[in-house]
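Some notes on the structure that comes next.
Below, chains carry the letters A, B, ... as their sequence lines are ordered, and counting in each starts from 1.
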Amino acid sequence: MTPERYNAREAEPRWQKIWEERGIFAAPNDDPRPKHYVLEMFPYPSGRIHIGHVRNYAMGDALARYKRAMGFNVLHPMGWDAFGLPAENAAIERKVHPKEWTYQNIAAMKSQLKSMGLSLDWSREIATCDPDYYKHQQKLFLDFLQVGLVERKQSKVNWDPVEQTVLANEQVIDGRGWRSGALVEQRELTQWFFKITAFADDLLAALDRLDRWPEKVRLMQRNWIGRSEGLLVRFALDPATTPNRESELEIFTTRHDTLFGATFMALSPDHPLAAAAAARNPALAAFIAECHHRGTAQEVIETAEKLGFDTGMKAVHPFDPEWKLKVYVANFVLMEYGTGAIFGCPAHDQRDLDFVNKYGIGVIPVVCPSDQDPATFAVTNVAYDGDGRMINSRFLDGMTAAEAKEEVARRLERERRGGRPVGERRINYRLRDWGISRQRYWGCPIPIIHCEACGVVPVPERDLPVRLPDDVAFDRPGNPLDRHPTWKHVACPACGKPARRETDTMDTFVDSSWYFARFTDPWIAASPTDAPMADAWLPVDQYIGGVEHAILHLLYSRFFTRAMRKAGHLGLDEPFDGMFTQGMVVHETYRKADGTWAAPEEVTIEGSGPDRRAKLIATGEPVEIGPTEKMSKSKFNTVDPDDIMATYGADTARWFMLSDSPPDRDVNWTEEGVQGAGRFVQRLWRIVGEVAEVGAAPDAARPRHFDAAALAVRKAAHGALAKVSEDLAKLRFNLCVAQVYELANALQDALAAIKGNGRLTPDLAWAMREAAEIMVQLFHPMMPHLAEECWAALGHNNLIAQARWPVVESDLLVEETITLPVQVNGRKRADVTVARDAGVPDIEAAVLQLEGVKRALEGKVPKKVIVVPQRIVNVVA
RNA sequence: GCCCCUGUGGCGGAAUUGGUAGACGCGCCUGACUCAAAAUCAGGUGGUGGAAACAUCGUGCUGGUUCGAGUCCGGCCAGGGGCACCA
């Protein structure tokens, strides 16, 4: 006898315990089955999981369980992105050590994750703040240094004044720190960089091959890398005008077709030549200082007026020795891009035009749009950047812009000055090197020692890991490592004299750039020289996470994999074969009369449709229902996974998460939706219970023939099986859910028919059992606890978590007869049922006999009949 | 400013990629069971007309291609996202 109601609260921990005791989710490294690596982005241990985690891990777990049932050796691990600033903030605010705070949070979140019933291999758990983890990271840093992928350089960096640390370009969003939201300042500092630009070309080109990544993410990375093809041009400088015998000015351009439209040259305020000129010109020096002064915050830079200062130098046009161009220092020229210098062509570049209009320099249009008269075409306030024919350009006149580009490049490549070509084709990238130095405590120490005599000395491998000291104080702002009394004082490994440790730590994005490889390799800690297991497990077959990491983490990981290959750690380039970006969980907002927010659990909803009203449970005060938005603490529209799981159970929460929206779109968390999922759990349990009573015994022999009722049940089951198998592989969970509903409806109808007419043949009994088992298998990846309970109720004594995925009998999917819709002039008028293999003439004849067709034809003779086999018939009159 | 994505019932969304628009769920309506409620079960549910059969309109707007368009092409509108002095 099965109980009336399914009790998730009792059943879920029971099955979790059984899974854990039997260790069935551990992925063996030596296993003959094909591997499959499923990974969800590991969480930051903030202390509690949020509903977005539930969605993320429900998806990954559904896939992992499906692949396991399909016969793969599935690696599905979990870990903690455990370094980071919140731990330091907690230390400052609550006087608790970052390590203690982090490990407490990990323990709390781990127990939450366990209550979800995820099929994780916990034996491979990692935390990035564990010295066993970061010692490998320090080794990787040193190896990258050795192969030339790390450098230390002085450069302009983004300084977050709130976090008191440097940020990478990728971590500055709209001029603000990605976490603090503070306006970022520019500072000139000496920092460690990973040379991600060394792989710019490959990181871009390989995107084309990542065909299991979202197009959106690939596009974002493409734009971020920002490749442009252009020409490097060496302009000669008029010697009479230059201060220190500089003879050349190198510029980069993508518009060399417009070279005859040049009216000025411009240098970045940071350009060496600008500094040289400023040395003997106090007014220019003052202008450059002014540029630096006003250009600290990104917002200021973006809205700044175009300003310039004449250096007095003159450049010679590469095609005309008599043509001299004034060289300005201009605030809109970036030192970081190209060569830090440009030629100005105001007619075809808006920035140059704005500049020229301010200083009264000339405008020469050289590209004429096809709908304009070359004789009268002029540019005044709006630069023309479209296609057209060349004008005012001597030997280029009449060419298209593309032809002119080619011609200019060819001529300047051939022309030589001082033994070097005047022009060189060059590919330029927007991508900058990744600055990883952070002036923070709670991160991976950079394994470097600075020695007065020897310079920068790598920490020898035998001294790894460089451990973070535990005895640190957070009573003052700044980096506690820097002011620690002893930690930074060490002997130089090279000469033995007193030296100083690097006190900066690594960007926490470094930690997450290779963790997927660490999971593959549990024993590397014991012996770093062992051959890595990573190659056997990698790449990750399916990675799942939020789109907010489209550039940051996903680009860094692609870089790291290449760097690890170059340093001999891995044999592949791309870490993630399949990438899926899941949508957010959103919820409507509730606003009280006084403007403050109310939380969902404080609110009760009455009525529906336009009469839908919300009021406070406590006081009955009406609250305004606001827009549906991303869950956030500030809007109070969050729901706590613990509450949901305690009320409904993990399966209900997982089912609802996967059911309501396509997984890549936002899902609206609604109370009604969760209740619906909870009702369906009970309905499935009832159906399975009834089938367990009427269905055939587990070991009953398969009948030779099936009557119509049995066949219908089998067709429903195998049809659903075929669709769910396909949709699970594509992560289309919402469609899987719909299929399970349809099969449940079909089974319930069949049960009602059996009760109604009392007819239960042995073959129908067998088919009912088969269909119920298939149904349980189909929802197992999404609701594993309920599935185990149902599996046992159906008389199995093995675990469904270890059962093989059922095999589709494709014969059942093919119908003897098919019903085709019949259109007349494109409007549906009737249906026609014909044999599956009926010929076109037979179908045509049958269609023309249909009453609905005759009526629609109104006696007219059809001009032709279009028969699309297996699809549709259209009669054209 | 440039680039990209998305617009389908009251709501979330299906639609084998050019072939029956609205699968499945939520909500709602009607009925059964009940003293009653909950739960459950049965039926209905895009608009308009009709008792019904059926007809007609209908996938943001607009024009086109096609026997046939939610799907393809052109032009707009709205919402969302990315980049942004990148030469």
* Asked: Using atom P of each nucleotide, how far apart are B:G60 and B:U8 to the nearest Å?
  -> 6 Å
- [ ] Please check the phosphate of B:A84 (OP1 and OP2 only) for any side-chain N or O of A:Arg430 closer than 4.0 Å.
- [x] yes
For B:U59, the nucleotide meeting Watson-Crick or G-U wobble distances (both under 3.5 Å) is none
With hydrogens left out and only the distance checked, is there a donor-acceptor pair under 3.5 Å joining A:Lys306's side chain and the base of B:C85?
yes
Checking N1-N3 plus N6-O4 or O6-N4 for Watson-Crick, or N1-O2 and O6-N3 for wobble, each under 3.5 Å, the partner of B:G79 is B:C5
Across every strand shown, the nucleotide meeting Watson-Crick or G-U wobble geometry with B:U17 (both distances under 3.5 Å) is none
A:Met775 CE to B:C24 C1', in whole Å, measures 15 Å
Next item on the list: Provide the distance between the two C1' atoms, one in B:C77 and one in B:G13, to the nearest whole Å.
Entry: 24 Å
The glycosidic conformation of B:U17, counting syn as within 90° of 0 and anti otherwise, is syn
*For B:G9 versus B:G47, give the span between their P atoms, rounded off to a whole number of Å.*
12 Å
request  = Could you tell me whether A:Asn745 contacts a base, only the sugar-phosphate backbone, or nothing, with contacts defined as non-hydrogen atoms closer than 4.0 Å?
outcome  = sugar-phosphate
Against the side chain of A:Val876, the closest entry in B:C85, B:C67, B:C24 is B:C67
Paired to B:A38 by Watson-Crick or G-U wobble criteria (both distances under 3.5 Å) is none
Any donor-acceptor pair under 3.5 Å linking the side chain of A:Asp433 with the backbone of A:Thr197? yes
Picking from B:G13, B:A87, B:A84, the nucleotide nearest the side-chain atoms of A:Ser661 would be B:G13
Ranking B:A87, B:C57, B:C24 by distance to the side chain of A:Leu334, first place goes to B:A87
### Query
Contact class for A:Val667 vs. all strands (heavy atom < 4.0 Å): base, sugar-phosphate, or nothing?
nothing
Across every strand shown, the nucleotide meeting Watson-Crick or G-U wobble geometry with B:A69 (both distances under 3.5 Å) is none
Across every strand shown, the nucleotide meeting Watson-Crick or G-U wobble geometry with B:C86 (both distances under 3.5 Å) is none
Any side-chain donor paired with an acceptor under 3.5 Å for A:Thr819 and A:Thr833? yes
Open item on the list: Over all strands shown, is A:Thr670 touching base, sugar-phosphate only, or nothing at heavy-atom distances under 4.0 angstrom?
Closed with: nothing
Separation of B:A39 atom C1' from A:Gln682 atom CD, nearest Å, is 10 Å
Considering only heavy side-chain atoms of A:Asn734, the closest of B:A87, B:A39, B:G13 is B:G13
- Message: Does B:C86 have its OP1 or OP2 closer than 4.0 Å to a side-chain nitrogen or oxygen of A:Thr254?
- Response: no
Taken to the nearest whole Å, CZ/A:Arg351 to P/B:G1 is 16 Å
**Study point:** Heavy-atom side-chain proximity of A:Trp224 to A:Arg430 below 4.5 angstrom
**Key:** yes
So what does A:Arg855 hit on the nucleic acid, given a heavy-atom distance under 4.0 Å: a base, only sugar-phosphate, or nothing?
-> sugar-phosphate
Residue-phosphate contact under 4.0 Å: A:Gln748 side-chain N/O, B:C41 OP1/OP2: yes
Distance check, P atoms only: B:G27 and B:C83, in whole angstrom units. 39 Å
To the nearest angstrom, the CG-P distance between A:Asp749 and B:C24 comes to 11 Å
Paired to B:G27 by Watson-Crick or G-U wobble criteria (both distances under 3.5 Å) is B:U45
Give each protein N/O atom lying under 3.5 Å from an N/O atom of nucleotides 3-8 of chain B, with the pair distance.
none

Distance, P atom - from B:U56 to B:G1, rounded to whole angstrom = 46 Å
note: A:Glu336, atom CD; B:C85, atom P; distance rounded to Å ~ 11 Å
A:Thr258 side chain vs A:Gly261 backbone, donor-acceptor pair below 3.5 Å = no
Per the glycosidic torsion and the 90° limit around 0, nucleotide B:G9 is syn
Closest of B:C26, B:A23, B:G13 to the A:Pro662 side chain is B:G13
Between CD of A:Glu671 and C1' of B:G27 the distance, given in whole Å, is 14 Å
Rounded to whole Å, the CD-C1' distance (A:Glu672 to B:G10) equals 13 Å
A:Leu259 atom CG is separated from B:A87 atom P, nearest whole Å, by 16 Å
Would you mind classifying the nucleic acid contact of A:Tyr741 as base, sugar-phosphate or nothing, using non-hydrogen atoms under 4.0 angstrom? sugar-phosphate
Quick note, A:Arg829 side chain, CB onward, closest among B:A87, B:A55, B:C24 is B:A55
Counting primed atoms, P, OP1 and OP2 as sugar-phosphate and everything else as base, the B/S/- map of nucleotides 15-21 of chain B against protein heavy atoms under 4.0 Å is SB--BB-
Please work out if A:Ser659 contacts a base, only the sugar-phosphate, or nothing of the nucleic acid, heavy-atom cut-off 4.0 Å. nothing
Of B:A87, B:G27, B:C83, the nucleotide closest to the side chain of A:Ile342 is B:A87
